[in-house]
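See below for the structure under consideration.
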Amino acid sequence: MTFRTATRTRVGKAVVAAVLAGGVLLTAGCGGSGNRATDTSEGYAPAPDGAPAPVLPDGGKGGPDRDTSGEEKRDVAPPADYLSTFALDVDTASYDYTRRLLKEGRAPGRHQVRPEEFINSFRQDYPRPEGDGFTVSVDGARPGSVDAGGGEGEIKPQTQDAEGYEDGDWSLVRVGLATRPTGREADRPPAALTFVIDISGSMAEPGRLDLVKKSLGTLTDQLRDDDSIAVVTFSGEAETRLPMTRLDGNRDRIRSVVDELEPTDSTNVEAGVTTGYDEAVEGRRKGATNRVVLLSDALANTGETEAEAILERIEDARREHGITLFGVGVGSDYGDDLMERLADKGDGHTTYVSTDEEARKVFVDQLPRHVELRARDAKAQVAFDPQTVQQFRLIGYENREVADDDFRDDKVDGGEVGPGHTVTALYAVRLRDGARGHVATATVRWLDPRTRAPHEESGSVETDAIDGALWDAPSERLQITAVAAYFAESLRGGFVPGAPGLGALEERARALAGSTEDSAVEDLADAIEQARRSGRY
């Protein structure tokens, strides 16, 4: 749980504007965010008209020998304390698996709770771009007490020495990124999907292989005639059951291959992934979205059971052939850590399913959407203003951190984002006493999936936009984001300023579920109730 504390610097306002590392400073309107799309093929974002050239995180000034509006040239890079940089992540497996564990009366390990995956499991209210790329929205609110009755609404103390928090003026700041939803199904590129299916003995448990088979049968009906599928299975060894095959005229053959799958013995994930990627490379289609879909409980017990050797194979295929990984976890016992590391290295993401309803959501709603990409190697960088911000912490994203200097290095991996996705980052931010004005600028950088040209978009927020009370905030989606973050931190023994007890948090979630008529928020309230009743938190 890393805190960064900003110290005052003796620089003029013009240089402060340049120091804020989004490369672009934008004044927020009444909604608290501003946007500017930038093609950064030359490696930097131009400053707004009339503004000095930006000072970039690597110490550059927006271009070689660039001057700062007639002033003396400066080689001043913003201290790292002012910057927060991470690869985008749309995973949800941690939240989905945690809900199952709590429902069964079990507790997740602290390392299994990734707050960003809790937060990103819920719909958001961000505006969408008209074209490809992202919108960037930044808003926030001040945490406050929750009236839940019975004393459970009391706020935890602001001073938490073990966590690095200090008494002060705290706010939650939400950075929201959104892509345009997919257009007509016919407009997306064809898909070449290699399904790597675990048929080990543990997959015999109800809700594992049977759920996978049913889901793939449904997906076969959803994909287009010009899409292609390959099927690889693994237990002690791996076997190609179906080479890359177009669906046109072959749907019955594909269904037959899936229907014949039966569980056998041990789990050699290494063999499955290696053979799956070999098959994906062999059947790779130019102009298509080439992807490996791993369906497994990820409980490796044969072959290479550590991630490193498997990761190396994925890395080569990703870099050389652009083949990415989508991990779908199943089972009451699930190797969450291995699956998540595989997906991260494979420039992909993970989800978890345990019911027919969840499987349909993944294979019918999500996977066809993931076939198309809006962004490759997407990274975000948030630059906090040293004049107004004293301390901040990004909630979650610990395993997605990127060095600040690597933000504009397009050789450094980011995350893949498809159409209609939102990515949310929530910060706890402590303002300086009496500070007013600019708080932060958030910038997202990504590569065009087709041309690999880099682009950026930025948004910013002022103190006026984060002054309101959280539970009175006009955005109910901001409130849901806070509930999810508070819950995740409670489960892993962390703390966020303004966090209520689980009783108050459950009541707030129930109220939000009712006002939004969102069943996913009702599920969140149920999970909080189960955690509270367990007595562990």
Side-chain angles (χ1 to χ4, degrees), residues 191-204 208-217 219-220 223 227-247 250-251 253-285 288-305 307 309-318 320-331 335 338-339 342-343 345-348 350 353 362-363 367 370-371:
L193 306 175
T194 301
F195 290 95
V196 179
I197 304 170
D198 186 346
I199 58 168
S200 62
S202 60
M203 293 291 287
R208 297 195 185 194
L209 186 57
D210 59 331
L211 188 61
V212 168
K213 291 168 64 174
K214 184 176 181 179
S215 301
L216 289 183
L219 180 65
T220 300
L223 293 173
D227 294 329
S228 301
I229 283 179
V231 176
V232 171
T233 61
F234 67 94
S235 54
E237 298 179 349
E239 178 184 356
T240 298
R241 300 293 187 97
L242 181 75
M244 193 63 70
T245 303
R246 285 174 63 101
L247 271 81
N250 291 299
R251 293 180 192 271
R253 178 186 176 195
I254 294 169
R255 289 192 194 93
S256 178
V257 168
V258 172
D259 288 343
E260 290 172 359
L261 301 181
E262 295 293 339
T264 55
D265 45 29
S266 54
T267 309
N268 191 334
V269 175
E270 177 195 12
V273 170
T274 300
T275 303
Y277 268 90
D278 287 343
E279 193 63 46
V281 170
E282 179 69 23
R284 182 177 177 272
R285 291 177 56 187
T289 299
N290 295 273
R291 180 155 300 188
V292 169
V293 183
L294 174 61
L295 305 107
S296 176
D297 57 19
L299 299 175
N301 57 23
T302 302
E304 178 57 65
T305 59
I310 308 173
L311 296 176
E312 183 177 351
R313 182 68 183 91
I314 293 177
E315 173 74 359
D316 291 345
R318 185 197 65 80
E320 294 178 20
H321 303 288
I323 297 170
T324 57
L325 179 69
F326 179 35
V328 182
V330 295
L338 175 59
M339 183 71 87
L342 291 173
K345 196 70 170 181
D347 244 9
T350 64
V353 298
V362 168
F363 288 97
L367 186 56
H370 292 323
V371 164

Identify the heavy atoms of [X] and [Y] that sit nearest to each other, and give their distance.
X      : Y      : result
Ala343 : Thr350 : CB-CG2, 3.2 Å
Arg208 : Gly331 : NE-CA, 3.1 Å
Thr275 : Ala238 : OG1-CB, 3.3 Å
Asn268 : Gly236 : ND2-O, 3.2 Å
Thr267 : Ser200 : OG1-OG, 2.9 Å
Gly346 : Ile314 : CA-CG2, 3.2 Å

> Applying the side-chain contact (heavy atoms from CB on, under 4.5 Å) test to Val292, which of Val196, Thr324, Leu193 qualifies?
Replying inline: Val196
>> Tell me which one of Leu216, Val328, Val293 satisfies side-chain contact (heavy atoms from CB on, under 4.5 Å) with Ile197.
In response: Leu216
>> Would you say that more than 12 heavy atoms from the other residues, nucleotides or ligands in this model lie under 6.0 Å from the CD of Glu239, or not?
In response: yes
>> Are there over 12 heavy-atom neighbours, none belonging to Lys214, within less than 6.0 Å of that residue's NZ?
In response: no
>> Is any side-chain heavy atom of Phe195 closer than 4.5 Å to one of Val212?
In response: no
> Do Phe363 and Leu211 come within less than 4.5 Å of each other through their side chains, counting heavy atoms only?
Replying inline: no
>> Tell me if a side-chain donor or acceptor on Asp227 pairs with a main-chain N or O of Ala191 at a distance below 3.5 Å.
In response: yes
[atom1]-[atom2] distance between [X] and [Y], expressed to the nearest 0.5 angstrom:
X      : Y      : atom1 : atom2 : answer
Arg246 : Arg285 : CZ    : CZ    : 5.0 Å
Lys345 : Leu325 : NZ    : CG    : 13.0 Å
Thr194 : Leu294 : OG1   : CG    : 11.5 Å
Thr220 : Arg253 : OG1   : CZ    : 12.5 Å
Leu295 : Met203 : CG    : CE    : 7.5 Å
Glu270 : Leu342 : CD    : CG    : 11.0 Å

> Any luck finding a side-chain donor-acceptor pair between Thr233 and Arg241 under 3.5 Å?
Replying inline: yes
>> Quiz question: by atom type and distance under 3.5 Å, do the side chains of Asn250 and Thr245 form a donor-acceptor pair?
In response: no
> Quick one: side-chain contact (heavy atoms from CB on, under 4.5 Å) partners of Asp278, sequence neighbours excluded?
Replying inline: Thr274, Arg313
